[in-house]
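The next block holds one structure in the form of structure tokens; read it before the comments.
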2 protein chains.
Amino acid sequence: MKSSHKLSDAVHILTYIELLPNDDLSSAAIARSVESNPSLIRRLMSQLTQAGLLTTQAGKATPKLSRPAATISLRDVLHAIDPAPQLLSIDDKTNPQCLVGGNIQQTLNDVYEEVQTAAEAKMASISLQSIIDELLVHAANKPTD
Amino acid sequence: MKSSHKLSDAVHILTYIELLPNDDLSSAAIARSVESNPSLIRRLMSQLTQAGLLTTQAGKATPKLSRPAATISLRDVLHAIDPAPQLLSIDDKTNPQCLVGGNIQQTLNDVYEEVQTAAEAKMASISLQSIIDELLVHAANKPTD
DNA sequence: ACACATGTTACTTTAAAAATAACAGGATTG
DNA sequence: CAATCCTGTTATTTTTAAAGTAACATGTGT
């Protein structure tokens with residue numbers, strides 16, 4: 001499969017809006033930064049808006065974070081773009097007649113849930129603000145700016 | 001993308017070999033349990049063998065775990081089939097001219113590594129034996145067996 | 001009215017995984 | 001030693017979910 005980077009793009013969008021509030025915040029401008037297309041950006045922004053992370057206005061390029069960046073976690077962003085994220089995926093086509101094939105799915109489901117919970121706990125501890133702070137450190141440390 | 005379930009299949013294979021040692025352990029038989037094809041099974045088994053988790057013999061259908069199932073972790077299996085697993089994926093095509101686009105990749109790389117480490121720590125704590133034990137509980141609790 | 005924006009739906013392209021095929025060799029049996 | 005079944009590996013085709021693109025109804029401000 002082609003691995004999804006929707007989460008990365010969503011974080012990118014939120015960071016852009018928070019860090020460059022005086023720039024052009026149209027979907028076209030953000031798309032130029034993401035090197036993607038405006039339609040994709042609008043779809044992601046729509047999901048972020050529906051999740052209550054972003055405030056937008058139809059017709060006006062004036063998106064704003066709905067809450068302080070310090071109170072938005074990476075997990076919040078993930079759940080905004082995917083209500084039931086699965087980092088690990090189960091093979092749902094196994095032989096039900098077999099002891100292993102017939103029980104491995106439920107078993108792995110339990111196991112993967114543990115891993116998912118651990119990963120999401122870490123994600124819940126990482127705020128958009130900390131990501132922005134780190135990005136600025138990276139930018140400051142660049143040789144040629 | 002199509003999300004990979006190689007990890008699930010690899011666990012399935014190891015579980016099958018450990019739990020049904022007196023059954024036919026040919027790639028064709030295992031493929032019937034996974035509902036996949038023998039070639040795929042052989043490729044996965046080859047990776048597991050190279051990682052030192054499985055002992056196989058060309059020409060003979062007699063695979064065996066190289067170590068006790070209690071000493072094989074889910075993380076070991078993951079690394080056997082993918083030396084550099086990435087649960088979250090970065091968008092590697094962003095505008096380098098932009099403050100955000102030019103620094104988001106390194107930033108997310110750091111952030112995702114934290115999440116990856118948390119997930120892998122949990123995976124390291126889950127043994128193949130515990131997965132097998134849980135599978136047997138599931139099998140025992142099935143209404144119609 | 002016009003220019004430009006969002007929000008949403010539908011369609012096309014793409015790339016990674018899975019499926020399949022093929023075959024060189026090892027093992028076992030009669 | 002021929003026949004048969006197996007493994008291990010490579011190459012090719014098919015599938016499918018994400019990304020890319022297009023289109024358009026509708027909101028906004030001059």
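Bear in mind the structure is a predicted one, so any value in this text is a computation, not a measurement. Just so it is clear: chains get the letters A, B, ... in the order the sequence lines come, proteins before strands, and each one is counted from 1.
Atoms CG (Leu25(B)) and C1' (dT7(D)) sit 13 Å apart, rounded to a whole Å. Spacing between atom CG of Leu54(B) and atom P of dT7(D) amounts to 11 Å, rounded to whole angstrom units. If you take CG of Asp9(A) and P of dA18(D), they are 13 Å apart, rounded to a whole angstrom. Taking atom CG on Asp23(A) and atom P on dA5(C), their separation rounds to 14 Å, with Å as the unit. Across the protein-nucleic acid pair, Asp24(B) atom CG and dT4(D) atom C1' stand 15 Å apart, rounded to whole Å.
Within the structure, a side-chain polar atom (N or O) of Ser46(B) is placed less than 4.0 Å from OP1 or OP2 of dT9(D). Taking side-chain N and O atoms only, His5(A) has no distance below 4.0 Å to OP1 or OP2 of dA18(D).
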Donor-acceptor pairs under 3.5 angstrom involving side-chain atoms of residues 21-30 of chain A: please list them, not counting sequence neighbours.
| unit_1 | atom_1 | unit_2 | atom_2 | d |
| --- | --- | --- | --- | --- |
| Asp24(A) | OD1 | Ser26(A) | N | 2.9 |
| Asp24(A) | OD1 | Ser26(A) | OG | 3.1 |
| Asp24(A) | OD2 | Ser26(A) | OG | 3.4 |
| Ser26(A) | OG | Ala29(A) | N | 3.2 |
| Ser27(A) | OG | Arg42(A) | NH1 | 3.1 |

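Taken from CD1 in Ile104(B) to CG in Leu99(B), the straight-line distance is 9.5 Å, to the nearest 0.5 Å. Separating the CD1 atom in Ile13(A) from the CG atom in Leu44(A) is a distance of 4.5 Å, to the nearest 0.5 Å.
For Gln47(A), there are no side-chain hydrogen bond (donor to acceptor under 3.5 Å, both in side chains) partners at least two apart in sequence or on another chain. Evaluation of the side-chain hydrogen bond (donor to acceptor under 3.5 Å, both in side chains) rule for Ser33(A) yields His12(A) as partners, not counting sequence neighbours.
Within residues 84-96 of chain A, no residue places a heavy atom under 4.0 Å from DNA chain D. Interface residues of residues 26-45 of chain A facing DNA chain D, ordered by number: Ser36(A), Asn37(A), Ser39(A), Leu40(A), Arg42(A), Arg43(A); criterion, heavy-atom separation under 4.0 Å.
Side-chain contact, Asp76(B) with Ser73(B): a donor N or O sits under 3.5 Å from an acceptor N or O. A donor-acceptor pair shorter than 3.5 Å can be found between the side chains of Tyr112(A) and Ser8(B).
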* To do: Give the B/S/- string for nucleotides 25-30 of chain D, one per nucleotide from 5' to 3', where a protein heavy atom under 4.0 Å of the base yields B, of only the sugar-phosphate yields S, and otherwise -.
  => --BSS-
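Among the atoms of the strands shown, only primed sugar atoms or phosphate atoms (P, OP1, OP2) are found under 4.0 Å from some heavy atom of Thr56(B).
Taking a cutoff of 4.0 Å between a charged side-chain nitrogen and a carboxylate oxygen, Glu35(A) and Lys93(B) do not qualify as a salt bridge.
Linking ILVMFWY side-chain heavy atoms closer than 4.5 Å, directly or via other members, places Leu78(A) and Leu40(A) in two distinct hydrophobic clusters.
Side-chain contact between Thr71(B) and Leu128(B) is absent, with no heavy-atom pair separated by less than 4.5 Å. Here the side chains of Val34(A) and Asn95(B) are not in contact, with every heavy-atom distance at 4.5 Å or above.
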